[in-house]
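This report refers to the structure that appears directly beneath it.
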Amino acid sequence: MQQAIKELKRLFGYDSFKKGQDRLVASILEGRDVLGVMPTGAGKSVCYQLPAAMLPGVSLVVSPLISLMKDQVDALNQAGIPAALINSTLSSKELNDTFRRIAAGEFKIVYVAPERLESERFYRLVQELHIPLVAVDEAHCVSQWGHDFRPSYLAVGRLLEWIEPRPVLAAFTATATDVVKEDIVSQLRLNHPVRVTTGYARDNLSFHVVKGADKQEYIARYIRSRPKDSGIIYASTRKDVEELERYLNRLGVSAGRYHAGLSDEERSKSQELFLYDVIKVMVATNAFGMGIDKSNVRYVIHYSLPKNLESYYQEAGRAGRDGEPGECVLLFAAQDIMTQKFLIEQGEGDPARKKQDYSNLNDMVDYCHTTDCLQRYIVQYFGDPSKEPCGRCGSCTDERELHDITLEAQKIFSCVVRMRQRFGITMTAKVLKGSADAKVKQFGFDQLPTYGVMKMAKEKDISGLINVLVADGYLMLSDSQYPVLSVTQKAKAVLEGTERVFHRAVVMKDQGSGQETEGAADEALFERLRQVRRDLALKERVPPFTIFHDATLRDMCVRQPRNEEEMLSVKGVGQHKFARYGEHFLREIRSFTGRD
Ligand code: ADP
Ligand code: MG
């Protein structure tokens, strides 16, 4: 492992491993298969890139998205690790050339699109090579139960049988519930893999749910308050993307758009401008996805409700991949639930699948209503045992007082029980309100003792409160298009008077942007270093962050290195990159500090 740490420093410029990396790297070097489940930004790439650089021969990396491949290959070559890619973007001449150079042993790492694995030519090639390691990135794509199933991923398991001796197989994903994890192991035929799960919490992200805001206005204000930051705004339909992009551009914000209805050309153009920091804001559907390996995305706003927490965490997780603070805001409106239900009904899933989809949607809606820590809610959803509250999210920073709402809760629970746990939120709220609705009368609910017991409250607020009680686990909603309320064990304790219920005021505050301003001097130097990076990037035609990440530039601002040795102690500066770029940045720092 001594050697691995040395190489980590030399090639990648890092002094130590992040959580989980050491075990994964060590296991691969020992010849064990591995399954690494680590959140976005945890540093999965290093786990296979480092062993690949150290092991004799050429390692293969299977990765689902073409744009992502190119960035990674660029970054590896920048770090002095010769790498190539095989995918559909190559012309046949480039392809011939790449195959020839692979066969000649010119590369340490070759990225391959899954669709390319089963060509006869590729089978012949792999038999001529020494392949110590096959890494599968975004391995959840191999599972039908994941959120991004790609049938061509199944080719990986088959391919492995053709390579002698069998390489080590290393699979990585950010999102895996237990079902998906088991599916990865069996579909890829992992051989007693060493499993490393680092937990899902992202300590640099803060989560927020904003309810009842004018969404467009909120977004405009938000973007204006952080003009220098890059951000992604996810909307669920193409129409919303188009509308929002036009709205922002009218306001003078240069925003790009991305959705499946655009031409390939426009999409890759749009993505490139964003990657190169030419446009700061990208408005997109979830088609703008795994390819986005941009490390300095500072915020992700969801304009509409995602269909489940897996997708939400994956998308929101694109903020702050460089470890610097990132903000994830979900704009919630109750109508969005109807849109998602409509999509489930329109979908082709069988009844079991639909039931699962409704259940996932319920969990997503609960997330929007919970007053508990949002990060903890997500982490628990993925099966991690409960953690301390994060202290950063909308719930943790909510300063409104806690109110004892035991009495209201008891009224609601008892009404649900009296309605025989067969009705949904709206109907229950109507009964509590004492509504003259025809249906209420038709079922005879106006005869119940709980009819009108909350007549002083607005029906909307009663529904809101019921939602909170669902989110906090007192009530349950069935998994169907028209979910039905029932009481849980936790509510029974409240009805019996042994537990009390506390809640913050129902009115949701409007969350402004919470970012603090850094020291002005730091900020000025940071801007200058960014400019140096931008110039170099333009000259070399690579995305700026493949030269240095924002986090690396920030570390330079803090340390203000004066010479090579000091520069090499900056997080993210390895020898190779120092040789290529170090002097440019040292010069700028010297001129800024007036020292030499
Ligand atoms: P993932 O694929 O898990 O989402 P990446 O491999 O893209 O994450 O890495 C996320 C970020 O963490 C990158 O900016 C990477 O350079 C950085 N990183 C990786 N390993 C280390 C390390 N040992 N120390 C510091 N930063 C690291
Ligand atoms: Mg990754």
Side-chain angles (χ1 to χ4, degrees), residues 1 4-26 34-53 61-65 67-76 78-79 81 83 109 111 135-141 148 170-176 196-205 230 275 289-298 300 313-326 533 543-555 568-574 576-577:
M1 264 328 255
I5 291 179
K6 239 169 86 191
E7 292 294 285
L8 178 70
K9 179 69 189 161
R10 188 175 73 85
L11 297 168
F12 296 91
Y14 300 129
D15 287 322
S16 56
F17 284 111
K18 288 190 172 186
K19 202 162 96 194
Q21 284 181 333
D22 39 1
R23 215 169 136 228
L24 287 160
V25 169
V34 303
L35 172 61
V37 182
M38 296 155 92
T40 314
K44 290 184 286 295
S45 324
V46 163
C47 297
Y48 55 83
Q49 289 172 349
L50 182 62
V61 179
V62 181
S63 168
L65 237 114
S67 53
L68 173 120
M69 259 184 219
K70 182 161 176 327
D71 293 341
Q72 298 241 3
V73 167
D74 283 349
L76 284 167
Q78 299 275 17
I81 304 169
I109 301 185
Y111 277 72
V136 184
D137 206 357
E138 314 288 354
H140 57 272
C141 292
D148 242 327
F172 299 89
T173 178
T175 321
V196 175
T197 301
T198 57
Y200 293 88
R202 295 274 311 272
D203 296 337
N204 60 325
L205 297 187
S230 290
L275 228 50
M290 284 184 297
I292 312 319
D293 223 355
K294 185 173 162 64
S295 69
N296 64 339
V297 173
R298 295 271 69 88
V300 174
Y313 204 42
Q314 182 97 11
E315 288 159 14
R318 299 201 169 106
R321 299 188 56 140
D322 52 9
E324 297 285 303
R533 181 178 63 176
F545 63 85
T546 63
I547 295 181
F548 288 126
H549 291 295
D550 279 7
T552 302
L553 300 189
R554 288 239 178 256
D555 203 34
L568 284 171
S569 73
V570 168
K571 187 173 85 178
V573 183
H576 191 80
K577 283 205 182 168

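Note that ligands are numbered from 1 as they come in the structure, with each ligand's atoms numbered from 1 the same way.
- Contacts with ligand 1 closer than 4.0 Å are made by side-chain heavy atoms of Gln21 only, the backbone lying farther away.
- Contacts of Phe545 classified as ring pair (Phe, Tyr, Trp, His ring centres under 6.0 Å), with partners at least two apart in sequence or in another chain: none.
- Looking at ligand 1, you'll find an N or O of Ser45 within less than 3.5 Å of one of its N or O atoms.
- Distances from ligand 1 to the non-hydrogen atoms of Gly323 include no value under 4.0 Å.
- Taking any N or O of Leu8, backbone or side chain, none lies under 3.5 Å from an N or O belonging to ligand 1.
- Remark: minimum distance from atom 17 (C) of ligand 1 to any protein heavy atom is reached at Tyr14 OH, 3.6 Å.
- Between Arg318, Lys9, Lys19, Lys18, it is Lys18 that holds the heavy atom closest to atom 12 (O) of ligand 1.
- Proximity of Met38 to ligand 1 is not established, as no heavy-atom distance is less than 4.0 Å.
- None of Arg321, Glu324, His549 except one satisfies the side-chain hydrogen bond (donor to acceptor under 3.5 Å, both in side chains) rule with Ser295; the exception is His549.
- Residues meeting the ring pair (Phe, Tyr, Trp, His ring centres under 6.0 Å) test with Phe172, sequence neighbours left out: Tyr48.
- Heavy-atom separations between Pro39 and ligand 1 include at least one value shorter than 4.0 Å.
- Only the backbone of Ser16 comes within contact range of ligand 1, with a heavy atom under 4.0 Å; no side-chain atom does.
- With salt bridges taken as basic N to acidic carboxylate O contacts below 4.0 Å, none links Lys294 and Asp322.
- The side chain of His549, and not its backbone, has at least one atom closer than 4.0 Å to an atom of ligand 1 (non-hydrogen atoms only; side chain from C-beta on).
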